[in-house]
Amino acid sequence: MADYSKEEIKHIEDKWRAEWEKRDVYKVKNDSQKPKYYVLDMFPYPSGAGLHVGHPLGYIASDIVSRYKRLKGFNVLHPMGFDAFGLPAEQYAIDHGIHPAVSTAQNIQNFKDQLSKIGFCYDWSREVQTCDPNYYKWTQWIFLQIFDSWYNRKTEKAERISVLVNVFEKEGNANHPFPNSKFLVPQTSKELFTAAEWKSFDKKTNQDILMQYRLAYLAYTDVNWCEALGTVLANDEVINGVSYRGGFPVIKKQMRQWSLRITEYAERLLKGLDEIDFSDSMKEIQRNWIGKSMGAKISFQVKNEKGEVHNLVVFTTRPDTIFGVDFMVIAPEHELVKDLTSHAQKEEIDAYLKYTESRSEIDRMAEVKKITGAFTGAYAINPFNGREIPVWISEYVLVGYGTGAIMAVPCGDERDHKFAKHFNLPITNIIGQHYNGEEANATKDAILENSDFLNGMVMHQAIDKVILKLEDKGIGKRQVNYKMRDAGWSRQRYWGEPFPVVYREDIPYAMDERKLPLTLPESNNFKSSGTGEGPLANLKDWVHFADGERRDTNTMPTHAGAAWYFLRYTDPHNDKAFADKKALDYWGQVDVYVGGSEHAVAHLLYARLWVKILHDLGFLNFDEPFKKLINQGKITGDSRFVYRVRGTNKFASAGLREKYDTDPLHVDVNIVTGTELDTEAFRKWKPDFADAEFILEDGKYICGTGIEKMSKSYFNVVNPDVIIENYGADTLRMYEMFLGPLELSKPWNTHGIDGVFKFLRRFWNLFHDNQGNVSVSDADPSPEELKVLHKTLKKIEYDIEHFSFNTSVSEFMICSNELTAMKCNKRSILEPLVIALSPYAPHIAEEIWEKLGHTDTVLNETFPQFDEKYLKEDSFEYPISINGKVRTKMNFALDMPKEDIEKLVLASEVVTKWTEGKAPKKVIVVQGRIVNVVM
RNA sequence: GCCCGGGUGGUGAAAUUGGUAGACACGCAGGACUUAAAAUCCUGUAACCCUAAAAGGUUGUGCGGGUUCAAGUCCCGCCCCGGGUACCA
């Protein structure tokens with residue numbers, strides 16, 4: 001007697017997990033005649049908190065796809081690993097004295113235990129851990145390849161530094177000027193150097209120049225320094241001027257840092273988006289982050305009071321507004337500020353500079369609306385009409401973007417307009433009625449006025465005309481700008497990959513590749529030195545390991561290990577290369593990548609960048625890592641609150657709390673049923689509450705509710721182990737899919753889980769008689785049964801191919817309801833359904849499969865192909881509408897000609913009643929099986 | 001502010017892309033079995049009107065217009081919610 005009971009489920013699931021492991025069924029080979037399919041999950045950071053029900057959502061979806069594709073005849077790569085370097089482990093070490101390596105290993109084990117209970121088909125033999133020296137050896141190796149590369153703008157790809165050196169020796173840098181146009185050759189202070197000069201420079205100068213081209217480079221840069229964390233943060237780790245973790249203040253600080261020259265790839269990263277299947281919002285986020293804008297660079301002559309003439313270059317997207325320029329604004333940090341400031345204005349400018357220097361990043365962000373600035377005393381000349389334009393400085397112009405200077409057009413730009421109003425500067429109107437004198441209007445559709453040779457032109461047409469004229473006169477040119485900055489790649493942390501470089505006379509050289517990995521030295525001192533150097537600086541012997549040689553004290557960010565892990569899975573044990581070329585060619589791009597949208601900018605951009613570089617250098621034959629990306633939604637927590645009357649140990653029920661002065665407290669969701677608190681369990685929950693008293697409503701204590709992030713500190717975490725304990729992994733898997741569309745964020749609740757569980761039991765019962773014995777019939781199926789089967793198969797296939805898992809769960813339910821009603825126990829109907837169900841509920845499927853007499857696992861079956869012929873019907877019930885409203889239904893043979901249907905419809909009593917005998921204007925019959933009579 | 005995405009019963013949600021809106025599930029109500037409860041099964045369940053009941057009717061996919069024989073789906077204008085981003089010239 002085998003009922004689908006709690007005990008039986010546990011037995012089945014344990015049995016099959018052991019069986020899968022014993023038979024090694026998930027091991028994937030790199031050589032196969034089958035077509036490949038690569039399904040990837042974003043590997044998790046193994047946090048100490050373990051898995052909650054939100055984590056498996058994406059993993060379940062990818063597991064279903066993997067199993068389905070396997071049944072469809074693909075060789076499926078579906079690996080898992082751990083993003084194991086990172087700050088939390090280091091913080092934990094500082095707080096608890098446990099080495100990151102130890103806590104990380106424990107956490108990983110805990111994650112694997114939890115994951116294994118859900119029945120995923122991972123090939124664990126391919127597991128990678130980014131903190132494993134055998135893995136980060138290759139992270140360091142790839143970093144060295146990037147260090148040894150530059151971006152050739154002519155060929156639009158990365159090339160080796162040796163190629164660049166050859167070029168310099170032959171022709172200097174005339175054809176390949178510095179990527180950062182602000183950099184000047186140290187000895188000559190010019191932008192260009194000749195071959196002869198290159199050869200005459202000393203070694204340090206040569207290296208300094210090459211550093212300006214390397215794709216991984218060292219430079220003094222403004223970094224986000226967080227005093228509290230003692231480390232530098234990436235732009236995307238800073239939110240509104242405070243750290244992403246902890247919310248500590250962040251200020252700008254100059255440090256010598258490694259960066260990746262991702263800006264060189266801005267255009268390719270942008271274009272690549274067109275070829276890959278990411279959601280619109282994901283692409284949009286990346287596009288915004290890259291922030292391309294097209295316009296022109298325009299050079300203005302500026303005269304200071306001494307009569308010296310300087311060139312002030314601005315970037316604008318609106319060269320058409322050139323005659324509306326009423327003033328210029330340059331950033332306070334702009335190099336010309338000193339030269340332009342007149343004697344009379346010096347005091348004011350100095351005061352303003354002092355003010356801006358004193359302002360932290362947070363102040364600036366907090367007071368974006370505040371208008372400040374100072375006049376330099378110098379005037380620029382409009383190159384087209386010679387008009388004199390005052391030059392101001394203001395912090396609303398940023399040094400880091402464009403040229404750090406703008407031409408201000410108050411009638412067309414909101415910020416310029418406010419600035420002009422605030423300082424009482426005259427405003428030239430070039431857009432006629434479009435400008436109302438009150439606010440700027442950024443339209444491109446106005447007809448230009450007061451604009452010399454542009455008068456009468458529509459603005460968006462004038463843009464090109466001005467650029468051509470600027471280029472003609474040699475005072476400007478077409479220019480593209482990107483918001484994206486190079487990626488800071490140094491972290492002042494211990495628990496990360498050390499940089500595989502050696503400094504001699506302060507010049508970094510790549511380590512000998514044969515000596516990799518440069519292992520992370522043993523240490524128990526994880527505190528940063530506080531000067532900006534990380535914990536590795538404390539290890540003097542390691543840093544100064546030889547005379548005149550020094551190591552880098554920084555480590556790489558976690559993005560480094562994550563930027564290529566999907567490549568390693570193809571050949572994870574290779575010690576000769578990061579992966580064998582044949583394996584890389586075979587597996588190629590990731591076909592489906594499932595993960596959270598919070599990685600939209602950082603991880604996904606860096607992974608795309610590394611793949612593009614490796615592609616350019618000849619290691620990969622594809623230059624986008626992920627063909628398709630699915631962002632699963634977040635599962636949020638559904639928190640419960642109790643209301644403590646202030647100063648007492650009394651708790652008021654939610655409906656009564658208004659009557660008292662109360663403070664809400666989070667209460668463990670596990671001792672609340674719905675919204676009703678288990679008061680006894682509450683008293684036992686924490687010693688503080690042992691003698692709690694309750695003010696009840698209707699004899700119950702009702703809790704308040706709130707949707708929040710799932711977090712230990714909110715006591716709203718639901719552990720999947722608990723669900724598995726009560727319902728089994730198959731129910732958990734199907735329920736998480738049933739909750740709603742994968743991409744949607746939703747609060748966790750178990751309201752509907754019984755429905756899913758009941759379905760599995762009913763499905764189980766289809767194969768069993770009322771004594772619980774397996775009982776299937778070998779009789780031939782009826783047309784109705786065949787129709788149910790093939791309808792379901794068709795729908796399930798469509799749903800999985802479209803990542804619409806919630807609807808397939810419904811489809812299984814409908815199918816099982818219909819078969820139950822038909823009392824169908826035919827083997828020929830039920831067997832294909834077991835195979836189709838196996839991606840969703842693998843344990844129960846295996847068990848039934850075995851009971852049906854099969855010795856091989858269901859994994860080696862083929863997904864049953866539906867056949868349209870069983871879905872065909874002889875006749876169909878057409879809804880008949882009159883003027884668009886359905887009034888009746890009629891049956892027609894499928895092959896009946898339209899004209900006959902029309903005749904029959906018009907003859908019908910219901911129709912004549914509605915038409916009152918009048919002739920209709922027309923009758924519409926379409927294949928959508930719709931008949932509409934139009935009166 | 002700007003850029004995306006969305007708004008459908010008491011709830012989670014379907015709707016094969018312009019063709020019977022609300023599938024499926026939860027919840028709720030009623031019933032069967034039971035001494036009783038739990039479990040299980042069956043029936044009903046958008047709102048309103050009419051009806052003893054059946055049948056029937058009207059209104060309904062955030063709001064207001066429009067296109068169409070036909071609109072949750074397409075177009076125009078608003079309102080609200082979620083996400084991204086923000087002196088980026």
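Reminder, nothing fancy here: chain letters follow the sequence lines and each chain counts from 1.
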Q | Closest nucleotide among U85(B), G84(B), U16(B) to the Ile285(A) side chain | A | G84(B)
Q.
I'd like the P distance from G1(B) over to C78(B), given in whole Å.
A. 13 Å
Q. Would Tyr482(A) and Thr263(A) count as having a side-chain donor-acceptor pair, cut-off 3.5 Å?
A. no
I'd like a table of atom pairs between the protein and nucleotides 57-61 of chain B - only N or O on both sides, under 3.5 Å - with the distance next to each one.
residue, atom, partner, partner atom, Å
U58(B), OP2, Arg887(A), NH1, 3.3

Q) Say you pick atom P in U73(B) and the same atom in G18(B); how far apart are they, in whole Å? A) 11 Å
Q) Which part of the nucleic acid, if any, lies within contact of Ser293(A), taking any heavy atom under 4.0 Å across all strands shown: a base, the sugar-phosphate backbone alone, or nothing? A) sugar-phosphate
Q. Starting at CD1 of Ile290(A) and ending at P of U85(B), how long is that distance when rounded to a whole Å?
A. 14 Å
Q. On RNA chain B, nearest-nucleotide positions of Val934(A) versus Glu811(A): which is more 5'?
A. Glu811(A)
Q. Considering only A89(B), U85(B), A14(B), which nucleotide approaches the side chain of Leu398(A) most closely?
A. A89(B)
**Q.** U16(B) versus A21(B) - spacing of their C1' atoms, nearest Å
**A.** 15 Å
Q) Ring centres of Phe327(A) and Phe419(A) under 6.0 Å apart? A) yes
Q | Distance, rounded to the nearest Å, where Phe300(A) contributes CZ and A89(B) contributes P | A | 17 Å
Q | Rounded distance (Å) that lies between atom C1' of A25(B) and atom CZ of Phe805(A) | A | 19 Å
Q | Whole angstrom value for the distance that separates C1' of G9(B) from NE2 of His751(A) | A | 16 Å
Q) Looking only at atom types and distance, does a side-chain atom of Gln286(A) sit under 3.5 Å from a main-chain N or O of Ala600(A), one as donor and one as acceptor? A) yes
Q: Take atom OH of Tyr735(A) and atom C1' of A25(B), then tell me their distance rounded to the nearest Å.
A: 9 Å
Q. Across the strands shown, which category fits Lys922(A) at heavy-atom distances under 4.0 angstrom: base, sugar-phosphate, nothing?
A. sugar-phosphate
Q.
What contact category does Val314(A) fall into here, base, sugar-phosphate, or nothing, at under 4.0 angstrom with non-hydrogen atoms?
A. nothing
Q | Phosphate-side-chain proximity, Asn288(A) and A86(B), N/O vs OP1/OP2 below 4.0 Å | A | no
(Q) Under a 3.5 Å distance rule, please check whether Lys283(A) uses its side chain to pair with a backbone N or O of Leu273(A) as donor and acceptor. (A) yes
Q) So, does Ser597(A) use its side chain to make a donor-acceptor pair with the main chain of Asn631(A) at under 3.5 Å? A) no
Q) Is a side-chain donor or acceptor of Lys746(A) paired with a backbone partner of Leu744(A) at a separation under 3.5 angstrom? A) yes
Q. Within this structure, what is the CE-to-P distance between Met737(A) and A13(B), rounded to whole angstrom?
A. 14 Å
Q | Geometric class of the His768(A)/Trp764(A) ring pair [parallel <30°, tilted 30-60°, perpendicular >60°] | A | parallel
Q) What is the distance, rounded to the nearest whole Å, between atom CG of Asp280(A) and atom C1' of G82(B)? A) 16 Å
**Q.** Any N/O donor-acceptor pair, Lys758(A) side-chain to U40(B) base, under 3.5 Å
**A.** no
Q: Could you give the distance separating C74(B) and U11(B) at their P atoms, to the nearest angstrom?
A: 24 Å
Q. Quick one: is U20(B) close enough that its OP1 or OP2 comes under 4.0 Å of any side-chain N or O from Asn932(A)?
A. no
Q) With nearest nucleotides of RNA chain B determined for Ile406(A) and Gly755(A) from heavy-atom distances, which residue corresponds to the more 5′ nucleotide? A) Gly755(A)
Q.
Base, sugar-phosphate or nothing for Asp413(A)? Non-hydrogen atoms, less than 4.0 Å.
A. nothing
Q: Indicate whether any N or O donor in one side chain lies under 3.5 Å from an N or O acceptor in the other, for Ser808(A) and Tyr840(A).
A: yes
Q) In terms of heavy-atom contacts, does CE of Met822(A) have more than 12 from other residues, nucleotides or ligands at under 6.0 Å? A) yes
(Q) Taking any heavy-atom pair under 4.0 Å as a contact, classify Leu739(A): base, sugar-phosphate, or nothing. (A) sugar-phosphate
Q: Return the nearest nucleotide to the side chain of Phe315(A); candidates are A89(B), C87(B), C69(B).
A: A89(B)
Q. Below 4.0 angstrom from OP1 or OP2 of C41(B), is there any side-chain N or O of Arg762(A)?
A. yes
Q) Is Leu744(A) touching bases, backbone alone, or none of the nucleic acid, heavy atoms closer than 4.0 Å? A) sugar-phosphate
Q. Which part of the nucleic acid, if any, lies within contact of Tyr482(A), taking any heavy atom under 4.0 Å across all strands shown: a base, the sugar-phosphate backbone alone, or nothing?
A. nothing
Q. What integer number of Å spans the C1' atoms of U61(B) and G7(B)?
A. 9 Å
Q) Phe278(A) and side-chain contact (heavy atoms from CB on, under 4.5 Å): which partner among Ile630(A), Leu629(A), Ile285(A)? A) Leu629(A)
**Q.** Where the chi angle of G9(B) falls, syn if within 90° of 0 and anti if not
**A.** syn
(Q) At 4.0 Å (heavy atoms only), tell me whether Asn817(A) reaches a base, stays on the sugar-phosphate, or touches nothing. (A) sugar-phosphate
Q.
Only Watson-Crick and G-U wobble pairs with both distances less than 3.5 Å should count. Give RNA chain B in dot-bracket notation, marking inter-strand partners with |.
A. (((((((..(((......[....)))((((((.......))))))((((......))))..(((((..]....))))))))))))....
Q.
Please give the distance between the P atoms of G10(B) and C79(B) as a whole number of Å.
A. 26 Å
Q.
Taking the P atom in each of G44(B) and C24(B), what is the distance between them to the nearest angstrom?
A. 11 Å
Q: Please state how far atom CG in Asn441(A) lies from atom P in G1(B), giving the value in whole angstrom units.
A: 16 Å
Q. For atom NZ of Lys444(A), is the number of surrounding heavy atoms from other residues, nucleotides or ligands below 6.0 Å larger than 12?
A. no
(Q) Using a 4.0 Å heavy-atom cut-off, does Ile814(A) contact any base of the nucleic acid, only the sugar-phosphate backbone, or nothing at all? (A) sugar-phosphate
Q: Go through the steps to decide whether Asn481(A) and Ser293(A) satisfy the test side chain to side chain donor-acceptor pair (under 3.5 Å), and finish with yes or no.
A: CA-CA 5 Å; Asn481(A) 251 320; Ser293(A) 50; 5.6 Å; no
Q. Is there a donor-acceptor pair under 3.5 Å between the side chain of Thr321(A) and the backbone N or O of Gly324(A)?
A. no
Q. Reckon Asp754(A) touches a base, only the sugar-phosphate, or nothing at all at heavy-atom distances under 4.0 Å?
A. nothing
Q) Which listed nucleotide (G12(B), C88(B), A39(B)) is nearest to the side chain of Arg761(A)? A) A39(B)
Q.
I want to verify the glycosidic state of U68(B); is it syn or anti under the 90° rule?
A. anti
Q | Sugar-phosphate, base or nothing in reach of Lys418(A), heavy atoms under 4.0 Å | A | nothing
(Q) Suppose you measure atom C1' in C75(B) against the same atom in C26(B); what distance do you get, rounded to whole Å? (A) 38 Å
